Amino acid sequence: MEKKIEGDLDVAKFVYDLEVSSPGRINLIGEHTDYNDGFVLPAAIDKSITMRFRANGSITRCTIKSRGFDSVLVVDLAKIDKGTEGWHNYVLGVLNEMQLLTQGLKGFDCEMETNVPAGSGVSSSAALECGLAFGLNELFGLGLDRWQIIKLGQRAEHNFVGAQCGIMDQFASVMGRNNHSMLLDCQSLDFEYIPTHIDPYVILMLNTNVKHNLATSGYNDRREESSSGLKIISDRFGVPNSFRDITMDMINECKEELGDVRYRRCSYVLEENKRVLKAAQHLRKNRLVDFGKLLYQSHEGQSKRYEVSCPELDFLVDFSRDWKEVLGARMVGGGFGGCTLNIIHKEAIDDFMNAASEAYKKKFSIELSSFQTVPSEGTTIIKKHG
Ligand code: GLA
């Protein structure tokens, strides 16, 4: 049951048992590598969704209010179907997966508010999925661990939202740590916290404020192109069907059979994986100039070889190249819009933003927006009563 009910939950009087904060994420480098058995280097950010929960005594009736959208979703746990409105499927998908896994949910009320910009490549969706799963797990004592919550969030997205996402976003949102990024091996799921202190540089996100319709279909297409390419190569050489078991030489030998598109997709994956490992090494040693160069190379790969960028993102990355105060820049997340991430000297922020906004507006007639961020704590309980 999906309804818009005005005034069903009186926010001012909302007495809750539990308050949870669940952050969005950035990714320093390693794009579209998570679902290709690769490496990623994300971090949770200091923008999050805050969710308040209470058990409402009902067996199956749940209400979820989004302050931002000013609407209430009412769900009957005995009958969870896909919804029609944007954010509803993230919620419904999580409830569905939690019921399948635990059968332990009961009626609850939830209200949420967020300062994670939606549709900007910083994964407001994983913040929502993981915050909801984390909160309900706590509220009803379901005993799920963090990895179960991460994977459940991913399945919700696959099964209800329709994006065949990898594991990076949910992982980063749940596992984030203050002042650390995380090098994750998406094949073994081993990971390492890397201290990320970049002063006098900071992470500045520039939001193109474009969201291309292609995002979901383009994403799923890329996934298909890289995996069908991989299959051709692994079949030909009789090796396991994993990007970790093929080499650039093998890709080159299959060039004709792969065709231009699959060739570029597969070679991008190997190149990007190498860049992530190198970047992690630079970060450990605080070699920020070398680190920044890899961000530019990564963007080049996303734009030309994996083709997940767009003119607005390319423009902002190119624009930053003329600024010696910017060590590196690249698009972040699934692509086709959203934000670029810039490693910029803190004293240059204002001048750079003014110049970039003016140039961007002139070119695309769109206002640029921005925010500064730092690697932050993952999903956490803020308050628990009783
Ligand atoms: C989206 C997906 C992630 C990842 C990135 C691209 O954010 O949800 O799993 O694939 O795109 O790196």
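Side-chain atoms are counted along with the backbone in the values below, which use heavy atoms only and exclude waters and symmetry mates. Computed from a prediction, not measured in an experiment: that's the story for all the values here. Note that ligands are numbered from 1 as they come in the structure, with each ligand's atoms numbered from 1 the same way.
The side-chain tip of R305 does not point at the ring of Y268 from less than 6.0 angstrom away and within 45° of straight on.
At under 3.5 Å, a nitrogen or oxygen of D34, whether backbone or side chain, sits near a nitrogen or oxygen of ligand 1. Some N or O of H32 is nearer than 3.5 Å to an N or O of ligand 1, by distance alone. The shortest N or O to N or O distance between C165 and ligand 1 is not below 3.5 Å. At under 3.5 Å, a nitrogen or oxygen of E31, whether backbone or side chain, sits near a nitrogen or oxygen of ligand 1.
Members clustered with I382: none, using a 4.5 Å side-chain heavy-atom cutoff among hydrophobic residues.
Under 4.0 angstrom from ligand 1, there are no non-hydrogen atoms of E272.
The contact set between ligand 1 and Y35, taken as ligand atoms under 4.0 Å from a residue heavy atom, comprises 10 (O). Taking a cut-off of under 4.0 Å to the non-hydrogen atoms of M168, the atoms of ligand 1 that pass are 4 (C), 5 (C), 12 (O). Counting the atoms of ligand 1 from 1 in the order shown, those under 4.0 Å from a heavy atom of G166 are 9 (O). Atom numbering of ligand 1 starts at 1 in the shown order; those under 4.0 Å from a heavy atom of Y219 are 1 (C), 2 (C), 3 (C), 4 (C), 9 (O), 10 (O), 11 (O).
Put simply, part of R25 is less than 4.0 Å from ligand 1, judged by heavy atoms. Contact annotation: S123 has no heavy atom less than 4.0 Å from any atom of ligand 1.
With respect to D221 and R223, no salt bridge is recorded, no charged nitrogen being found less than 4.0 Å from a carboxylate O. A salt bridge does not link R262 with E225: none of the charged nitrogens is closer than 4.0 Å to a carboxylate oxygen. Ion pair K274/E271 not flagged as a salt bridge, since none of the NZ, NE, NH1 or NH2 atoms sits closer than 4.0 Å to an Asp/Glu carboxylate oxygen.
At a cut-off of 3.5 Å, with distance as the only test, a side-chain donor of N159 or E97 sits close to an acceptor on the other residue.
Among all protein heavy atoms, the one lying closest to atom 1 (C) of ligand 1 is D169 OD2, 3.6 Å.
Here the closest heavy-atom approach between residue V239 and residue D245 is recorded as CG2-O, 3.7 Å. Listed here is the closest heavy atom pair of A127 and S173: CA-OG, 3.8 Å.
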